[in-house]
Amino acid sequence: MLTRYIHEAMKRARYKTLENGDYFGRIPGLAGVWANARTLDKCREEVLEEWLVLKIRDNDPIPRIGRVTLPLRAA
(Lines give C-alpha, C1' and ligand atoms only; values in the text may rest on other atoms or scores of the structure.)
Protein backbone atom coordinates (compact mmCIF):
# COMPACT_ATOMS: atom_id res chain seq x y z
CA MET A 1 0.00 0.00 0.00
CA LEU A 2 2.87 2.39 0.79
CA THR A 3 4.45 1.79 -2.62
CA ARG A 4 1.14 2.52 -4.34
CA TYR A 5 0.74 5.75 -2.35
CA ILE A 6 4.24 6.91 -3.29
CA HIS A 7 3.68 6.01 -6.94
CA GLU A 8 0.38 7.92 -7.08
CA ALA A 9 1.87 10.94 -5.31
CA MET A 10 4.89 11.07 -7.62
CA LYS A 11 2.60 11.04 -10.67
CA ARG A 12 1.26 14.35 -9.36
CA ALA A 13 4.68 15.93 -8.77
CA ARG A 14 5.35 19.19 -10.59
CA TYR A 15 8.79 20.58 -11.37
CA LYS A 16 10.15 23.83 -12.70
CA THR A 17 13.59 25.20 -13.47
CA LEU A 18 14.55 28.24 -11.44
CA GLU A 19 16.43 31.24 -12.85
CA ASN A 20 19.72 29.98 -11.39
CA GLY A 21 19.31 26.59 -13.12
CA ASP A 22 18.27 24.68 -10.00
CA TYR A 23 15.08 22.62 -9.96
CA PHE A 24 12.09 23.12 -7.69
CA GLY A 25 9.54 20.37 -7.20
CA ARG A 26 6.35 19.97 -5.22
CA ILE A 27 3.38 17.65 -4.93
CA PRO A 28 0.07 19.52 -4.95
CA GLY A 29 -2.17 18.49 -2.09
CA LEU A 30 0.70 17.44 0.16
CA ALA A 31 1.69 20.46 2.21
CA GLY A 32 5.38 20.47 3.01
CA VAL A 33 6.42 18.12 0.20
CA TRP A 34 8.80 20.19 -1.88
CA ALA A 35 12.45 20.13 -2.90
CA ASN A 36 15.03 22.44 -4.40
CA ALA A 37 18.18 20.90 -5.91
CA ARG A 38 20.86 21.30 -8.58
CA THR A 39 19.58 18.33 -10.62
CA LEU A 40 16.13 16.97 -11.37
CA ASP A 41 17.13 13.54 -10.05
CA LYS A 42 18.20 15.03 -6.71
CA CYS A 43 14.97 17.02 -6.60
CA ARG A 44 12.96 13.78 -6.94
CA GLU A 45 14.89 11.76 -4.36
CA GLU A 46 13.60 10.96 -0.90
CA VAL A 47 11.51 14.05 -0.09
CA LEU A 48 8.16 12.22 -0.17
CA GLU A 49 9.52 9.24 1.76
CA GLU A 50 11.00 11.45 4.48
CA TRP A 51 7.73 13.41 4.72
CA LEU A 52 5.76 10.17 5.15
CA VAL A 53 8.11 8.93 7.88
CA LEU A 54 7.64 12.20 9.78
CA LYS A 55 3.86 12.05 9.38
CA ILE A 56 3.79 8.50 10.75
CA ARG A 57 6.23 9.32 13.57
CA ASP A 58 4.23 12.38 14.63
CA ASN A 59 0.91 10.53 14.33
CA ASP A 60 -0.28 13.14 11.81
CA PRO A 61 -3.04 12.36 9.32
CA ILE A 62 -1.83 11.45 5.84
CA PRO A 63 -3.87 13.03 3.03
CA ARG A 64 -5.59 10.79 0.52
CA ILE A 65 -4.04 10.72 -2.97
CA GLY A 66 -6.65 9.94 -5.60
CA ARG A 67 -8.17 6.66 -4.45
CA VAL A 68 -5.20 5.70 -2.27
CA THR A 69 -5.40 6.13 1.48
CA LEU A 70 -2.75 5.31 4.06
CA PRO A 71 -4.48 4.60 7.35
CA LEU A 72 -1.09 4.34 9.06
CA ARG A 73 -0.59 5.99 12.41
CA ALA A 74 2.20 5.56 14.91
CA ALA A 75 1.30 3.44 17.94
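The structure presented is a predicted model; accordingly, all values stated were derived computationally and were not measured. Throughout, numbering of the chain's residues begins at 1 and tracks the sequence.
- Between Glu8 and Arg12 there is a salt bridge, since at least one side-chain N of the basic residue sits less than 4.0 Å from a carboxylate O of the acidic one.
- Applying the salt bridge (charged side-chain N to carboxylate O under 4.0 Å, His left out) test to every pair with at least one member in residues 25-34, sequence neighbours left out, gives no pairs at all.
- Residues Leu30 and Ala9 approach most closely at CD1-CB, 4.1 Å, considering heavy atoms.
- Distance check: Glu50 CD to Arg57 CZ gives 11.5 Å after rounding to the nearest 0.5 Å.
- Here the OH-CD distance, from Tyr5 to Glu49, works out to 13.5 Å after rounding to the nearest 0.5 Å.
- Across every non-hydrogen atom of Lys42 and Ala37, the tightest pair is CB-CB, 3.7 Å.
- The hydrophobic clustering, which links ILVMFWY residues whose side-chain heavy atoms are closer than 4.5 Å, places Ile6 and Ile62 together.
- Note that NZ of Lys16 is 10.0 Å distant from CG of Asn36, once rounded to the nearest 0.5 Å.
- Val33 is not connected to Leu54 by any chain of hydrophobic side-chain contacts under 4.5 Å among Ile, Leu, Val, Met, Phe, Trp and Tyr, and they are in different clusters.
- Between the CG atom of Leu52 and the NZ atom of Lys55 there is a distance of 9.5 Å, given to the nearest 0.5 Å.
- No donor-acceptor distance shorter than 3.5 angstrom exists from the side chain of Trp51 to the backbone of Trp34, with no hydrogens or angles considered.
- Val47 and Phe24 fall into different hydrophobic clusters, defined by Ile, Leu, Val, Met, Phe, Trp and Tyr side-chain heavy atoms under 4.5 Å apart, directly or through other members.
- When hydrophobic clusters are built by joining Ile, Leu, Val, Met, Phe, Trp and Tyr residues whose side-chain heavy atoms come closer than 4.5 Å, directly or via intermediates, Ile65 is grouped together with Tyr15.
- Hydrophobic clustering of Ile, Leu, Val, Met, Phe, Trp and Tyr side chains at less than 4.5 Å, counting indirect connections, unites Met1 with Met10.
- Atoms CG and CZ, on Asn20 and Arg38 in that order, are 6.0 Å from each other to the nearest 0.5 Å.
- Tyr23 is linked by a side chain to side chain contact (heavy atoms under 4.5 Å, CB included) to Thr17, Leu40, Cys43, counting only residues two or more places apart in sequence or in another chain.
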